[in-house]
K.L.:
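Once you've had a glance at the structure underneath, I'll fire off some questions.
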Amino acid sequence: MEFKAVTLYATVLMIMAVSLTYETGSALPWNKKALRIAGEINKEGPRIGLVTVYPPEEAAFMSTKILKPHPKYPLLDFSGRRFRIGTIYGKKVIYVRCGVGMWNAGVTTQMMSDLFNIVGVVHFGIAGNANNSLSIGDVTVPKYVAHTGIWEWLKLQDPEEAVSVGRLVIGDYNVPQGKKSNRLGKISYQPEEFYSESGKPNVPENILWAKTSSQWFELARKFEGINLSSCLNSTACLPRPAKMVVGLRASTANIFIDNGPYKEFLFKHFQVASVDEESAAVVLTCLSNKLNVIVFRGMSDLAGSQQGENPIAIFGPLAARNVVKATLEFIKRLPKSAFAT
């Protein structure tokens, strides 16, 4: 089912608008305590939101023990999500693990935006490597992210809409090659319908590339040479040192990509360096709410171009450690002015 920003945002905003009326006493009974605590936390001033995706990433983050829990409200559970409140390097943060997929990522980011006083979101996790100039263990900080999972699946002879941003002809991948016709036809890639505070109500903007926040992006560029881990253990190391690369592009869809030809198609047509299932949802949600946002992704696998099984189970922990290290360096360097509202 297509992920449409209007459906996601409208639904979540409607739910949160009902819930956040706690001051008038009309909130749902099981939410009142959480909403009261959120109100108390918000009185302490703005925070930075941290959003990661699934347990191995969270394990890498929590193992650093760098998040100092709030003395009174270290945790807040709301609608199935656990928000962790505290400080990192003396800076107020709120951390949450959203779960896999665009729906989870978008809903959780919107929930964080509505519940808490945040000035922006740092999104981090692992990803598949779509650019052969990168290697497993590297960390990317994309300047642009795209949702490449909005498709019109057409017959080969069907016309495409004027807003189409890409085309995948299934017959181009027939084996043996030569006969181009294929009953699966073709896929026409569509732009996101983007709604935001800065736009007109109920009037979407068609966009493909969502741009991360320029000031935060430039801050990340200042430590592009950060020293990252290149070894799984004392005996197993990568063939070359891991590095952080700033300024590439990322692709997001509700698809785990472990297919070399499709990875190559995405790189050739969209020039993306990484593939994941959440980043675009987080970025679009933040931009819709006029929040700062930046993305850090650690390369855990080759998105299907490897021989044999996907190596994510082996190299995922290394990628997670490296992306956590880069994320924490970013938070460490954030100036106090970043918390101004």
Side-chain angles (χ1 to χ4, degrees), residues 1-17 48-53 81 94 96-116 118-125 127 140-151 163-166 189-217 220 247-255 257 266 270-297:
M1 184 174 67
E2 292 182 358
F3 175 94
K4 293 290 187 179
V6 57
T7 303
L8 171 62
Y9 302 151
T11 301
V12 176
L13 283 171
M14 179 179 68
I15 294 170
M16 299 304 298
I48 297 295
L50 305 177
V51 178
T52 193
V53 180
R81 265 79 181 188
I94 294 177
V96 67
R97 171 165 56 88
C98 67
V100 174
M102 295 191 69
W103 186 87
N104 278 322
V107 166
T108 305
T109 305
Q110 185 66 56
M111 195 182 300
M112 177 182 277
S113 171
D114 287 332
L115 272 177
F116 300 105
I118 60 172
V119 295
V121 171
V122 181
H123 175 51
F124 64 99
T140 66
V141 186
K143 188 173 185 178
Y144 298 96
V145 298
H147 178 198
T148 56
I150 305 179
W151 296 354
V163 295
S164 176
V165 294
Y189 290 78
Q190 303 297 301
E192 184 73 73
E193 290 187 354
F194 177 64
Y195 294 77
S196 71
E197 284 287 330
S198 58
K200 295 181 179 180
N202 281 338
V203 180
E205 174 189 359
N206 286 334
I207 67 170
L208 174 62
W209 298 107
K211 185 180 179 181
T212 56
S213 302
S214 296
Q215 288 187 333
W216 283 18
F217 176 81
L248 302 178
R249 295 181 174 188
S251 163
T252 300
N254 278 323
I255 307 166
I257 297 174
L266 289 174
F270 295 106
Q271 294 83 52
V272 297
S274 61
V275 290
D276 67 70
E277 299 175 65
E278 300 82 22
S279 293
V282 174
V283 172
L284 287 165
T285 304
C286 288
L287 296 181
S288 183
N289 289 280
K290 300 179 72 172
L291 293 172
N292 290 306
V293 64
I294 192 168
V295 175
F296 292 85
R297 285 281 177 167

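Quick note: residue numbers are just sequence positions, from 1. Just so it is clear, the values below take in all heavy atoms, side chains as well, and ignore hydrogens, waters and symmetry mates.
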K.L.:
May I ask you to test the N206-E193 pair for a side-chain heavy-atom distance under 4.5 Å?
P.N.:
yes
K.L.:
Do T52 side-chain atoms and F124 backbone N/O form a donor-acceptor pair below 3.5 Å?
P.N.:
yes
K.L.:
Which atom pair, heavy atoms only, marks the closest approach of L287 to K211?
P.N.:
CD1-O, 3.6 Å
K.L.:
Which heavy-atom pair separates E278 from G101 by the least distance, and what is that distance?
P.N.:
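Shortest heavy-atom contact: OE2-N, 2.9 Å.
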K.L.:
Please indicate whether Q215 has more than 12 foreign heavy atoms, meaning atoms of other residues, nucleotides or ligands, lying under 6.0 Å from its CD.
P.N.:
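Counting neighbours around CD of Q215, 12 or fewer heavy atoms of other residues, nucleotides or ligands fall under 6.0 Å, so no.
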K.L.:
How far apart are the closest heavy atoms of E277 and T252, and which atoms are they?
P.N.:
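Closest approach of E277 to T252: C-CG2, 3.5 Å.
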K.L.:
Can you check side-chain contact (heavy atoms from CB on, under 4.5 Å) on N254 and W103, steps first, answer last?
P.N.:
CA-CA 9 Å; N254 278 323; W103 186 87; 5.8 Å; no
K.L.:
Which heavy atom of V165 sits nearest a heavy atom of F270, and at what distance?
P.N.:
O-CE2, 3.8 Å
K.L.:
Roughly how far, to the nearest 0.5 Å, is NZ of K143 from CG of L248?
P.N.:
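Spacing of CG (L248) from NZ (K143) equals 11.5 Å.
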K.L.:
When you compare the side chain of D276 with that of V53, does any pair of heavy atoms fall below 4.5 Å?
P.N.:
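No; the side chains remain at least 4.5 Å from each other.
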K.L.:
Distance check, rounded to the nearest 0.5 Å: N292 atom CG versus W216 atom CH2?
P.N.:
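Interatomic distance, N292 CG to W216 CH2, rounded to 0.5 Å: 5.0 Å.
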K.L.:
Do S164 and Q190 pass the side-chain contact (heavy atoms from CB on, under 4.5 Å) test, and can you show the C-alpha distance, the side-chain angles, and the key distance before you say yes or no?
P.N.:
CA-CA 5 Å; S164 176; Q190 303 297 301; 4.0 Å; yes
K.L.:
What's the spacing between H147 NE2 and S279 OG if we round to 0.5 Å?
P.N.:
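With rounding to 0.5 Å, NE2 (H147) is 12.0 Å from OG (S279).
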K.L.:
Nearest 0.5 Å, please: how far is CE in M112 from CG in N289?
P.N.:
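One gets 12.5 Å once the value is rounded to the nearest 0.5 Å.
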K.L.:
Working to the nearest 0.5 Å, report the span between OH of Y195 and OG of S288.
P.N.:
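It is 10.5 Å, given to the nearest 0.5 Å.
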K.L.:
Can you check side-chain contact (heavy atoms from CB on, under 4.5 Å) on R297 and H123, steps first, answer last?
P.N.:
CA-CA 8 Å; R297 285 281 177 167; H123 175 51; 2.8 Å; yes
K.L.:
Using 0.5 Å steps for rounding, measure from the CD1 atom of I257 to the CG atom of L266.
P.N.:
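Interatomic distance, I257 CD1 to L266 CG, rounded to 0.5 Å: 5.0 Å.
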K.L.:
Tell me, with the steps shown, if L208 and Y189 meet side-chain contact (heavy atoms from CB on, under 4.5 Å).
P.N.:
CA-CA 10 Å; L208 174 62; Y189 290 78; over 6 Å; no
K.L.:
How far apart are the closest heavy atoms of V282 and V293, and which atoms are they?
P.N.:
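Minimum heavy-atom separation between V282 and V293: CG1-CG2, 4.3 Å.
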K.L.:
Can you name the closest pair of heavy atoms from F217 and G247 and give their distance?
P.N.:
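Scanning both residues completely, I find the closest heavy atoms to be CZ-CA, 3.4 Å.
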K.L.:
Going by distance alone, is a donor N or O of one side chain under 3.5 Å from an acceptor N or O of the other, for R81 and N104?
P.N.:
yes
K.L.:
Determine whether a donor-acceptor pair (N or O, by modelled atom type, separation under 3.5 Å) exists between the side chain of S113 and the backbone of T109.
P.N.:
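Checked: no pair found.
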K.L.:
Would you say S251's side chain and V275's backbone share a donor-acceptor pair under 3.5 angstrom?
P.N.:
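Answer holds: no.
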